[in-house]
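As the structure lists them, so they are numbered: ligands from 1, and atoms in each ligand from 1.
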Amino acid sequence: MASNGNGGGHHGDSEVKTDIITLTRFLTEEQHRLGPHATGDFTLLCHALQFSFKSIAYYIRRATLINLIGLAGSSNMTGDDQKKLDVIGNEIFVNTMRGCGKVKVLVSEEEEEAIIFPGHGKYAVVCDPIDGSSNLDAGVSVGTIFGIFKLDDGAEGKAEDMLKPGTELVASGFTMYGASANLVLTMKGGSVNGFTLDTALGEFILTHPDMRIPKSKGIYSVNEGNSLYWTEPCKAYFESIKYPQEPGSKPYSARYIGSMVADAYRTLCYGGLFAYPADKKSPKGKLRILYECAPMAMVMENAGGLAVTSDQRRMLEVVPEHIHDRSGIFMGSYDEVTKVTDVFKKHGVVAK
Ligand code: AFP
């Protein structure tokens, strides 16, 4: 066997990588990079997170076979019917976060109130355990979105601790359960890294190091069924990309899955714009600030993109009024979000 000097070797026709970076190794290296004052608590919390992603991925993959599709017969705090997998995903998440001993406060889309765990955990976690679950029975990609805050020293842990802007997140990301389970993770001021679950090894493998969102791309992703309710600047922006007036320019392509994690992952990989605007029917938009908008905005910004609200404020600076508060959002490639802001500005909407 000949080594290629890069941790791989030639075995017959195929090259087998023998020096792979697992999420476990990645987290250990990150901890060492921080030096001796790093306690390892954050690393342990991330290990618990990755276990919950693996478990949820396992149940989603087997859902049709073991009668996990369909409704659970209950609804969550926002009035959505809960799927059986919503309930299971939430239980997995709550139990792994409790079990790791490092989390004090947990906010989940599926729980009306914040959960306060006993013990001295110094982190607060926000999550949507299975986002896009209305797509589940059709086998369409769904995902888990998460964000991690560090609590102030001695904080006793209460729901109000979570009413912070996304700029205070220490880490965030999501796992998309699609053809494979893809985990995207970013830490404050850091790069964005993508891992793919190798189901045979049971490990997330670093497959997309230092992800950068393309600066521009003619793809838009929005539920056009809401266009009747859109505000004038919103209508004007989408008109401008569908019926471009500049000579030689082409209309954008439309892509909308209806599962934020899948739409965001595609936008991160290919570039373009994802939007769920506030409108006349839903003046605060649909998506939740704490566990949908802010974590995604952090990923987009750390990958070189942008994320703004419907009133064109930086998404990461928005402070939710309550744990399930909502916002309109436009996010994606730097140039595409800038175009949105420019059109809104022409209509007098300028961030305050
Ligand atoms: P569900 O979890 O009820 O499927 O909602 C998914 C979601 O929160 C988000 O993932 C999508 O981007 C958005 O809602 C889709 O909403 P519309 O069905 O109104 O387009």
### Query
Is a donor on one side and an acceptor on the other found under 3.5 Å between the side chain of N182 and the backbone of Y177?
no
### Query
Is the shortest distance from a heavy atom of D263 to ligand 1 less than 4.0 Å?
no
#### Entry: ring pair (Phe, Tyr, Trp, His ring centres under 6.0 Å) partner of W230, chosen from F238, F344, Y276, Y237
F238
## Note on the structure
Per-atom filter on ligand 1: closer than 4.0 angstrom to a heavy atom of Y256 are 15 (C), 16 (O), 17 (P), 20 (O)
### Message
Would N135 count as a polar contact of ligand 1, with the cut-off being nitrogen or oxygen pairs under 3.5 Å?
### Response
no
### Task
Return the option from G143, G258, A275 holding the heavy atom at the smallest distance from atom 11 (C) of ligand 1.
G258
### Summary
Quick look: S259 vs ligand 1, heavy-atom contacts under 4.0 Å, and the answer is backbone
### Message
Could you walk me through whether Y252 and E336 satisfy the side chain to side chain donor-acceptor pair (under 3.5 Å) test, starting with their C-alpha distance in whole Å, then the side-chain angles of each, then the deciding distance to 0.1 Å, before giving a yes or no?
### Response
CA-CA 11 Å; Y252 281 27; E336 305 309 334; 2.5 Å; yes
### Query
Does NZ or CZ of K281 lie under 6.0 Å from the centre of the six-membered ring of Y229, at an angle within 45° of the ring axis?
yes
### Query
Which atoms of ligand 1 have any heavy atom of S133 under 4.0 Å away?
1 (P), 2 (O), 4 (O)
### Query
Is the backbone N or O of F117 less than 3.5 Å from a side-chain atom of K104, with the two atoms forming a donor-acceptor pair by type?
yes
### Task
Could you tell me how the ring of F53 sits relative to the ring of F146: parallel (under 30°), tilted (30 to 60°) or perpendicular (over 60°)?
tilted
### Message
So for R288, does at least one of its heavy atoms come nearer than 4.0 angstrom to any atom of ligand 1?
### Response
no
### Task
State whether the side chain of R212 and the backbone N or O of N302 hold a donor-acceptor pair below 3.5 Å, judged by distance alone.
yes
### Query
If you count the atoms of ligand 1 from 1 in the order shown, which ones are under 4.0 Å from a heavy atom of N223?
17 (P), 19 (O), 20 (O)
#### Entry: Residue K345 excluded, over 12 heavy atoms near NZ under 6.0 Å
no
### Query
Within the structure, does N226 bring an N/O atom to less than 3.5 angstrom of an N/O atom in ligand 1?
no
### Message
For atom 12 (O) of ligand 1, tell me which residue out of R326, E109, E292, M260 has the closest non-hydrogen atom.
### Response
M260
### Query
Considering only heavy atoms, does L287 approach ligand 1 within less than 4.0 Å through its side chain, its backbone, both, or neither?
side chain
